[in-house]
S.K.: 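Would you mind keeping the following structure in view while I ask a few things?
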Number of protein chains: 2
Amino acid sequence: MRVGTTEIYDDLLRKLVTATFKPGEKLKPTTLQGEYGCSANTIRDVLLRLSKVGVVEFEMQRGFRAQNTSPEHRHDITRFRILLEQEGVRLSILNGDLVWEARLSAAHHKLSHIESQIVRDNFNDFYATLWSDAEFEFHDTLISACGSEVLRETYGNIYVQFRQQMVNLERDFGTDYFKAIIHEHQTILDAALRRDIEGCQTAVFDHLKRNLTVDIK
Amino acid sequence: MRVGTTEIYDDLLRKLVTATFKPGEKLKPTTLQGEYGCSANTIRDVLLRLSKVGVVEFEMQRGFRAQNTSPEHRHDITRFRILLEQEGVRLSILNGDLVWEARLSAAHHKLSHIESQIVRDNFNDFYATLWSDAEFEFHDTLISACGSEVLRETYGNIYVQFRQQMVNLERDFGTDYFKAIIHEHQTILDAALRRDIEGCQTAVFDHLKRNLTVDIK
DNA sequence: AATATCAAAAATTTTGAAATTTAGTTGTTT
DNA sequence: AAACAACTAAATTTCAAAATTTTTGATATT
């Protein structure tokens with residue numbers, strides 16, 4: 001299978017956030033080159049770029065590993081995500097115009113539609129990326145009017161890392177879970193459209209707090 | 001001149017944050033390989049790693065550039081730095097123990113000593129990295145008890161990007177500037193040791209606000 | 001039993017050149 | 001003169017092999 005580096009990048013990223021590569025697993029260019037029909041250097045190149053996102057760990061002279069997961073790191077990532085999203089939404093509510101409101105409504109509509117389907121059909125591999133992409137689009141749109149490229153880009157990377165930390169979690173992604181999620185997303189949307197900064201920040205916290213492992217200060 | 005990749009990395013980073021490479025300047029592996037006596041691929045490797053820090057821009061199929069600077073981006077970086085440092089110092093004051101206080105005092109002592117020398121001798125290339133390193137150590141120590149590796153690591157990268165945004169600024173790094181800085185660092189230290197979260201956050205903001213170009217919300 | 005030494009194997013990094021892509025120039029057509 | 005195509009030079013990316021470094025596992029030493 002001969003593919004371009006964009007395909008290799010996307011495929012490796014997908015395998016990283018779906019735990020096809022287990023956390024901490026060694027990623028050897030010499031092994032992977034066979035699967036993708038390219039040279040080890042190309043794999044190395046792609047892995048360096050993935051380490052920028054934070055889903056791959058790189059250490060000089062000792063290669064690459066899939067980012068490790070742990071309750072502590074998951075907690076840390078979640079806390080950081082809350083910090084960025086709360087500041088992002090604060091600024092978005094201050095700066096956002098009608099177009100932002102419309103885009104947010106659209107993103108939420110798409111997301112809640114998919115979540116309703118999941119409640120009906122149960123969660124499976126087909127919905128995994130569909131839902132994850134839609135959820136990212138909603139949260140990204142939420143902060144998209146913050147006026148800070150740096151904040152938004154950092155949030156994007158953290159979101160991917162967050163997914164990677166979640167995926168191996170033994171958690172029931174059943175009907176109840178998605179029913180709760182639907183309600184939380186609705187609460188976030190309502191507060192945002194109401195221009196209620198504090199209410200929206202609280203809703204964001206309430207949406208993410210289940211991923212915190214110790215009490216937060 | 002034959003050097004290892006660590007030396008190449010450090011040398012390129014130094015040239016990026018001292019504007020030896022001008023903002024937006026193209027960084028061509030084929031050109032740079034001559035200077036460092038290595039192959040183009042090795043330079044490429046190093047530049048990919050520097051793009052993780054955020055001082056180099058990479059775009060597929062069109063290579064590398066030194067990160068651009070602009071009043072807007074400088075403002076953005078500064079605002080993000082304020083967000084991270086204010087949260088970092090809040091958590092550090094909540095979590096920090098006596099050892100943290102001692103390390104912070106030590107870092108401040110070293111920094112203020114260097115700053116006093118600069119006031120006496122005037123700022124020059126010799127002091128540039130000496131001061132920058134000491135200033136980073138102070139600010140990094142300030143947030144070092146925050147308990148979040150992710151926050152601290154992100155702050156480190158942002159600090160380097162901040163330096164890069166500052167360096168080409170037409171600003172008088174004369175006696176008055178450093179006298180002001182000395183006072184600001186002292187104010188930050190005092191508030192931290194007094195365990196005054198709000199006071200310290202305000203001191204951090206007052207220290208960085210000169211780099212903001214528009215009013216902040 | 002624990003630690004140190006060493007050679008072999010495996011993995012990472014670097015190289016130099018080939019293949020591909022982009023950017024710039026010239027020339028043609030409308 | 002503007003738009004478009006063809007060509008060329010330069011730069012980026014990819015490759016396969018060589019060089020370097022780390023890891024492994026067996027043997028020897030404390």
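Order of the sequence lines fixes the chain letters, A, B, ..., with proteins taken first and strands second; residue numbering starts at 1 for each chain.
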S.K.: Using a cut-off of under 3.5 Å, enumerate the N/O to N/O pairs linking the protein to nucleotides 7-11 of chain C.
M.R.:
| unit_1 | atom_1 | unit_2 | atom_2 | d |
| --- | --- | --- | --- | --- |
| C:dA11 | OP1 | A:Lys28 | NZ | 2.7 |

S.K.: Looking at residues at least two apart in the chain, or sitting in another chain, which of them share a salt bridge (charged side-chain N to carboxylate O under 4.0 Å, His left out) with A:Glu57?
M.R.: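 A:Glu57 satisfies salt bridge (charged side-chain N to carboxylate O under 4.0 Å, His left out) with no other residue.
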
S.K.: How long is the line joining OH of B:Tyr36 and P of C:dT15, in whole Å?
M.R.: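 Roughly 14 Å, once rounded to whole Å.
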
S.K.: Say you draw a straight line from CD1 of A:Ile77 to CD of A:Gln161; how long is it, rounded to the nearest 0.5 Å?
M.R.: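 Answer for the CD1-CD pair, A:Ile77 versus A:Gln161, is 4.0 Å.
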
S.K.: For B:Glu59 and D:dA11, what is the distance between atoms CD and P respectively, to the nearest whole Å?
M.R.: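 Interatomic distance, CD of B:Glu59 to P of D:dA11: 17 Å.
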
S.K.: Could you verify whether a donor N or O on one side chain and an acceptor N or O on the other, from A:His73 and B:Glu149, lie under 3.5 Å apart?
M.R.: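 Side-chain D/A pair, A:His73 to B:Glu149: absent.
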
S.K.: Could you tell me whether the side chain of B:Asp45 has a donor or acceptor atom within less than 3.5 Å of a complementary atom in the base of C:dT14?
M.R.: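 In this structure, the two groups form no donor-acceptor pair.
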
S.K.: Closest nucleotide of DNA chain D for B:Phe58 versus for A:Gln61: which of these residues is on the 5' side?
M.R.: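 Counting from the 5' end, the first nearest nucleotide belongs to B:Phe58.
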
S.K.: To the nearest angstrom, how far is A:Gln33 atom CD from C:dT13 atom P?
M.R.: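 Interatomic distance, CD of A:Gln33 to P of C:dT13: 14 Å.
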
S.K.: Between B:Tyr159 and B:His139, how do the two ring planes meet: parallel, tilted or perpendicular, split at 30° and 60°?
M.R.: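 Ring orientation, 0 to 90° scale: tilted.
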
S.K.: Using a strict 4.0 Å threshold on nitrogen-to-oxygen distance, state whether B:Arg210 and B:Glu184 make a salt bridge.
M.R.: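 B:Glu184 and B:Arg210: salt-bridged.
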
S.K.: Rounded to the nearest angstrom, tell me the gap between atom CZ in A:Phe64 and atom C1' in C:dT12.
M.R.: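 Roughly 9 Å, once rounded to whole Å.
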
S.K.: Of the candidate nucleotides C:dT14, D:dT14, C:dT13, which contains the atom at the shortest distance from the side chain of A:Thr42?
M.R.: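 Nearest nucleotide to the side chain: D:dT14.
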
S.K.: Does the side chain of B:Ser144 come under 3.5 Å of the side chain of B:Arg103 through a donor N or O and an acceptor N or O?
M.R.: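 Checked: B:Ser144/B:Arg103 side chains pair up, N/O donor to acceptor below 3.5 Å.
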
S.K.: Please report the distance, rounded to the nearest Å, between OH in A:Tyr9 and P in D:dT13.
M.R.: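 Rounded to the whole Å, the gap is 15 Å.
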
S.K.: Find the distance A:Arg44:CZ to C:dT15:P and express it as a whole number of Å.
M.R.: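 Checked: the CZ to P distance equals 12 Å.
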
S.K.: Between B:His185 and B:His108, do the side chains contain a donor N or O and an acceptor N or O under 3.5 Å apart?
M.R.: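 No donor-acceptor contact under 3.5 Å links the two side chains.
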
S.K.: Which residue, A:Asn41 or A:Met60, contacts DNA chain D at a nucleotide closer to its 5' end, judged by nearest heavy atom?
M.R.: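 Its nearest nucleotide lies further toward 5', so the answer is A:Asn41.
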
S.K.: Nearest-Å distance, CD1 (A:Ile43) to P (D:dT13)?
M.R.: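 So the two atoms are 16 Å apart, to the nearest Å.
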
